[in-house]
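Let me begin by presenting the structure, written as structure tokens, before commenting on it.
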Amino acid sequence: MCDRERGWSEVPLVKTWQLIAGSAVAGLALSAVAVAAAGPWDSGQRKAERDRAASWSATGGADHAAGPLPQAAPSAPGVLQGIAPRTADASSALAGALGPLLADPALGTVRGAAVVDAATGAVLYESGAAEPMTPASTVKIATAGAALAALGPEHRIRTTVVPGPGAGQIVLVGGGDPSLTAKKKSPAGSGGSLVALAADTARALKAAGTDTVTLGYDDTLYSGPVRHPIGRNDNLAPVTALTADEGRPDDSTAGPVERSEDPSKDTARAFAALLRDRGIKVTGEAAPAKPAADARPLATTLSTPLAGLVERMLTNSDNDIAEALARQTALATGKPASFEGAEQAVSQRLGSLGVDLTGTRFADGSGLNRADKVSARLLAGLLAKAADPQHPELRPVLTGLPVAGFTGTLRTRNAGTSPAAGLLRAKTGTLTGVNSLAGTVVAPSGRLLAFAFLTANATDGSAAEKGLDKLAAAVASTP
């Protein structure tokens, strides 16, 4: 069995006098609210939008030379309050739309559903919402929320080179960076670079008059078994604190592929080769070692900021990043960086956010483990929490979600003419007999709704996914 799935700043406010089409004001206002609710600009998916927004000005971005500034267009009155239905009306409409769809036999024998108004936290619909169920990869929403709560979106993970205890010895020390790469140009974007680290290390060694070293490596930051409880699996490398390119032997950045048996040793070998390319002779084979006591690093490389790691994890359903972030949460919470320690830390951090943890278990960070248990209520509540202005640190949970019909694991789902296309952002979850979908959608009323649908015991995974897509489309189209 396996999982079959494959920055950061406040959004500028666009004043109504900057919009010139009077009849389009209401529609544009709705779009602006939807974008604002999704949160700060993410680190990769919206760079073009961010650059464009930065260029906006009172003159519309044009150079009007010495002439008078254009007059402001008349402002339209606020419309959202007028068109948004009352909570009771919305709840009734959702119950009528979702009830028959949840009865679809293709969804299996057990299902949980929850829909929450992200702006108010009001529960609009629930059915079996409190039942703890196996979430598959939708548990990554919980992993992301816990990591961001523990470390913040700007946190970066360090990989360092430190002098060893013996003369001429250096030690490559892993910090658990899941973006670490040995390639000259990372195929997955910015992240920790062994190439840059080797260049900086070579310069430091040569400046000290050293051109021959022995290389050790230290991956002891993590503890416990490196293998996931499901055993060897092409969806996940052994979980170590020193892994380059997710232990992948090719240029892939997502999806299943056979992984390295010993990522730490392979990463050290790659680093030794990079040092040799830069004029440093590395004698012997790299072996486990400890740095010299109180030694200062010779060189350091930093990971992608945590916000970017979260976004990549959610968009591509990246299991390796998920397990790394669970362990980083454990370290920040004072727990052992193991599967067990991460489970305790994720629970503790989510509890501090005030979400309902009844019956939950976070046996891993990725959702590959069927022992994971969460409820639809928890997932919907956590997504609503990520939209809360009081928790801006959680916004990457929303900005990282795939967009229906466009990106990541939702690229081909609810696409085309679906009422959810472009309006739905959601995390998918798939194991044999388990199908789930949780995310946010902008309803016709202009409300940002958070939802979660969990199902179990489906005999046809494709039919179950279509059933989930129908549920999400119903949320997107129900007034």
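Since the model is a prediction, treat every value here as computed from it, not as a measurement. If you read the sequence from its start, that first residue is 1, and numbering goes on from there.
- Between the side chain of Ser418 and the backbone N or O of Ala420, at least one donor-acceptor pair lies under 3.5 Å.
- Of the options Leu437, Leu107, Thr430, Thr428, a side-chain contact (heavy atoms from CB on, under 4.5 Å) to Glu465 is made by Thr430 and by none of the others.
- In this structure, Leu378 and Leu357 have side chains that are in contact, with non-hydrogen atoms separated by less than 4.5 Å.
- Nearest heavy atom pair, residue Ala363 against residue Ala371, reads CB-CB, 3.9 Å.
- At distances below 3.5 Å, at least one donor-acceptor pair connects side-chain atoms of Thr240 with backbone N or O atoms of Leu242.
- Atom NZ of Lys373 is surrounded by more than 12 heavy atoms from other residues, nucleotides or ligands within 6.0 Å.
- In this structure, Arg232 pairs ionically with Glu258, as a charged nitrogen and a carboxylate oxygen lie closer than 4.0 Å.
- Counting only heavy atoms from C-beta outward, the side chains of Lys427 and Val397 never approach each other to under 4.5 Å.
- Ser352 places a side-chain N or O within donor-acceptor distance of the main-chain N or O of Arg349, the cut-off being under 3.5 Å.
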Exercise. Check the pair Asp460 / Ser462 against side chain to side chain donor-acceptor pair (under 3.5 Å), numbers first and verdict last.
Key: CA-CA 6 Å; Asp460 184 335; Ser462 178; 4.7 Å; no
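- Annotation: side chain of Leu306 is in contact with side chain of Leu325 (closest heavy-atom distance under 4.5 Å).
- Formation of a donor-acceptor pair under 3.5 Å by the Thr181 side chain with backbone atoms of Asp245 is not found in this model.
- Thr304 places a side-chain N or O within 3.5 Å of a backbone atom of Ser190 that can act as its donor or acceptor partner.
- For the side-chain contact (heavy atoms from CB on, under 4.5 Å) with Ile321, the lone residue among Val310, Asn316, Leu309 that qualifies is Leu309.
- Closest non-hydrogen pair, Pro178 versus Ile157, comes out as CD-CD1, 3.9 Å.
- At a threshold of 4.5 Å between non-hydrogen side-chain atoms, the residues Asn233 and Asn319 do not count as touching.
- Of the possible donor and acceptor atoms, none in the side chain of Arg158 sits under 3.5 Å from a partner among the backbone N and O of Gly175.
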Exercise. Could you check His228 against Asp364 for side chain to side chain donor-acceptor pair (under 3.5 Å), going step by step and ending with a plain yes or no?
Key: CA-CA 8 Å; His228 190 282; Asp364 67 2; 2.6 Å; yes
Quiz item: What's the verdict on side chain to side chain contact (heavy atoms under 4.5 Å, CB included) for Val239 and Phe339, showing C-alpha distance, side-chain angles and the deciding distance?
Solution: CA-CA 10 Å; Val239 185; Phe339 282 104; 4.2 Å; yes
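- Residues Pro132 and Thr358 have side chains not in contact (no heavy-atom distance under 4.5 Å, counting atoms from C-beta outward).
- Pairs engaging residues 115-127 under the side-chain hydrogen bond (donor to acceptor under 3.5 Å, both in side chains) rule: Asp117-Arg447, Glu126-Arg377 [sequence neighbours left out].
- In plain terms, the two heavy atoms of Ala380 and Val116 that are nearest each other are CB-CG2, 4.0 Å.
- Judged by distance alone, the side chain of Thr301 and the main-chain N or O of Ser193 form a donor-acceptor pair under 3.5 Å.
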Quiz item: Stepwise, does the side chain to side chain contact (heavy atoms under 4.5 Å, CB included) test hold for Leu383 with Leu398?
Solution: CA-CA 7 Å; Leu383 289 163; Leu398 302 185; 4.0 Å; yes
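- By the 4.0 Å N-to-carboxylate-O rule, Asp320 lies close enough to Arg259 to be salt-bridged with it.
- Nearest heavy-atom pair, Ala326 versus Gly365, reported as atom, atom and distance to 0.1 Å: CB-CA, 4.1 Å.
- Salt bridge Arg312/Asp318: absent, no basic N to carboxylate O contact under 4.0 Å.
- Heavy-atom minimum distance, Phe451 versus Thr440: CE2-N, 3.7 Å.
- By the 6.0 Å contact criterion, NZ on Lys385 is enclosed, its count of non-hydrogen atoms from other residues, nucleotides or ligands being greater than 12.
- Judged as a side-chain hydrogen bond (donor to acceptor under 3.5 Å, both in side chains), the pairs with a partner in residues 321-331 (not counting sequence neighbours) are, in order, Tyr222-Gln328, Glu323-Ser366.
- Crowding of Arg411 atom CZ: a count of heavy atoms from other residues, nucleotides or ligands under 6.0 Å not exceeding 12.
- Here the closest heavy-atom approach between residue Asn435 and residue Ala464 is recorded as OD1-CB, 3.4 Å.
- In terms of modelled atom types and a separation under 3.5 Å, the side chain of Asn414 and the main chain of Asp469 share a donor-acceptor contact.
- In this structure, the side chains of Leu350 and Thr360 stay at 4.5 Å or more apart for every pair of heavy atoms.
- Taking 4.5 Å as the limit, every side-chain heavy atom of Asn235 sits out of range of all side-chain heavy atoms of Ile230.
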